[in-house]
Protein chains: 2
Amino acid sequence: MSFEKKPPRANKQDLYRLFARIAAAMANPHRLELLDLLAQGPRTVEALAREANLSIANASQHLQRLKRARLVIDERQGLYIHYRIADPLVTQLWLHIRTVAERRLDQVAVTLDAYRTQRHAFKRIALDDLHARLREGKVVLLDVRPRAEYAAGHLPSAISIPLEELERRLKELPRRRTIVAYCRGPYCVLADEAAETLTRKGLRVARLEEGVHEWQQAGYALAD
Amino acid sequence: MSFEKKPPRANKQDLYRLFARIAAAMANPHRLELLDLLAQGPRTVEALAREANLSIANASQHLQRLKRARLVIDERQGLYIHYRIADPLVTQLWLHIRTVAERRLDQVAVTLDAYRTQRHAFKRIALDDLHARLREGKVVLLDVRPRAEYAAGHLPSAISIPLEELERRLKELPRRRTIVAYCRGPYCVLADEAAETLTRKGLRVARLEEGVHEWQQAGYALAD
DNA sequence: AAAGTATTCAATGAGTTTATTGAATACTAA
DNA sequence: TTAGTATTCAATAAACTCATTGAATACTTT
């Protein structure tokens with residue numbers, strides 16, 4: 001057994017190895033989808049597996065890799081284990097990877113158009129614009145994500161009607177003012193589908209591309 | 001052959017696959033070291049291989065993976081091919097990964113101390129502090145990186161004396177004012193070695209932990 | 001205590017990534 | 001044209017990653 005001192009070069013390699021561990025934990029489509037879901041709020045393994053279309057064992061395996069890289073934290077609550085993002089910095093890192101992909105890989109825009117086929121079908125509203133109109137009381141902000149995600153954090157003054165409840169809760173929405181629908185962000189179709197429904201029912205509607213994290217990154221605060 | 005429309009779920013998977021491509025390109029210690037070097041300025045394959053301690057063929061292979069992920073750009077200049085970072089966002093992403101690793105993996109601090117053994121041996125100066133003292137003319141800012149990196153971008157008012165030239169160019173430095181040495185950033189030993197030399201020669205010295213990118217991220221501009 | 005549910009573990013084979021080697025290519029200089 | 005240099009390509013074996021399966025573990029409810 002050798003007790004020689006480790007040469008500096010070896011330590012430098014070790015540092016890069018540690019950095020690469022973070023990247024490696026994120027270098028898989030399923031794990032990114034899991035992180036993307038977790039960014040909207042904590043979930044059980046079962047919920048994550050269902051939403052990401054994975055077998056439970058496979059989801060568990062991927063979650064444990066994320067956990068080993070300390071990107072997520074798990075916590076047992078009775079029968080279920082809940083996973084959540086370990087640090088807001090991790091969510092930001094995921095968004096950063098997405099932004100680099102958007103900017104460097106042309107294929108992203110093409111695939112996004114194929115996924116969000118109605119992307120250009122509705123009026124859009126920009127962040128600053130929304131901010132101003134909300135203050136004037138000219139628009140109603142509608143969060144169409146599942147209830148738990150709204151509870152985990154939402155835009156100020158947004159009301160929550162999950163997409164699946166939208167048809168039967170139309171009465172809660174004003175017919176005079178424009179309804180601005182948002183969901184998880186630019187890679188989510190929930191708000192497109194809501195906009196489709198609302199348009200069909202004769203309401204005035206616009207889609208906000210941004211979700212809670214994009215809103216925060218733009219420097220605005222979430223609801224208390 | 002089928003001409004059926006691709007289901008939305010498939011497109012969603014394709015999106016995550018594209019995002020994962022960016023992460024996968026960075027999920028290797030050698031490629032991160034190459035990116036780290038390139039962040040300080042463009043280089044030839046040969047220089048990169050030498051500095052990252054890789055065989056030429058291996059360095060080339062890794063550089064091509066980075067290129068396929070569109071994180072770097074290559075350009076032939078005569079006999080040599082020069083690689084550079086494709087977009088400042090890529091450098092930021094690398095720094096972001098590093099920051100997450102720092103914050104989430106305890107091992108990083110341990111390994112950094114083993115690599116930069118003199119880390120705590122010299123006076124340190126904080127960014128804002130430096131900014132103020134530079135304006136008062138109380139300190140001299142010294143960039144000890146190789147000449148080409150200084151040329152690719154440096155802090156305002158910094159003078160360039162590459163580490164290997166430091167001993168024989170001591171006369172160029174004032175003995176009354178404090179010399180603030182900096183290099184590639186907190187994971188680089190060049191400035192530690194410079195501080196060691198300067199201290200030994202009886203000059204007053206402090207080390208700045210930040211490099212050009214950390215400086216920029218703090219909201220300051222580089223030299224014109 | 002027994003039965004039931006959620007999650008993880010362990011083992012497997014298919015696919016991917018890596019370092020190494022030597023040959024091929026693209027350019028420059030003589 | 002030839003010789004020389006920088007870089008990439010192609011082929012290989014070893015190491016890793018992934019999805020799948022069925023068993024094991026950790027809780028809750030009865």
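Naming convention: chains lettered A, B, ... in sequence-line order (proteins, then strands); numbering from 1 in each chain.
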Touch class at under 4.0 angstrom, heavy-atom based, for Q64(B) against every strand present: sugar-phosphate

R31(B) side-chain N/O to dT17(C) phosphate OP1/OP2 under 4.0 Å: no

Categorize L79(A) for me: base, sugar-phosphate, or nothing, with a 4.0 angstrom heavy-atom threshold over every strand shown. base

If the helix axis at each end comes from five base pairs, how far does the helix from dA1(C)-dT30(D) to dA30(C)-dT1(D) deviate from straight, to 10°? 30°

Verdict with reasoning, E193(B) to T197(B), per side chain to side chain donor-acceptor pair (under 3.5 Å): CA-CA 6 Å; E193(B) 289 174 26; T197(B) 300; over 6 Å; no

Below 4.0 angstrom, N of the basic side chain to O of the carboxylate: do R169(A) and E164(A) qualify? no

Using the rule side-chain hydrogen bond (donor to acceptor under 3.5 Å, both in side chains), only one of E209(B), E102(B), R116(B) pairs with Y187(B); which is it? E102(B)

When the nearest nucleotide of DNA chain D is assigned to L63(B) and to Q77(A) on a heavy-atom basis, which residue is associated with the more 5' position? L63(B)

Assert: residue with more 5' nearest nucleotide on DNA chain C, out of V45(A) and Q61(B), is V45(A)

Would you please classify the geometry between the Y80(B) ring and the H82(B) ring as parallel, tilted or perpendicular, with 30° and 60° separating the classes? perpendicular

Nearest whole Å is fine: how far is dT17(C) P from R17(A) CZ? 19 Å

Short side-chain N/O contact to dT17(C) OP1/OP2 from N28(B), under 4.0 Å: no

Classify the angle between the aromatic ring planes of F19(A) and W94(B) as parallel (below 30°), tilted (30 to 60°) or perpendicular (above 60°). perpendicular

When you list every nucleotide of DNA chain D with an atom under 4.0 Å from a heavy atom of chain A, which one comes first 5' to 3', and which comes last? dT17(D) to dT28(D)

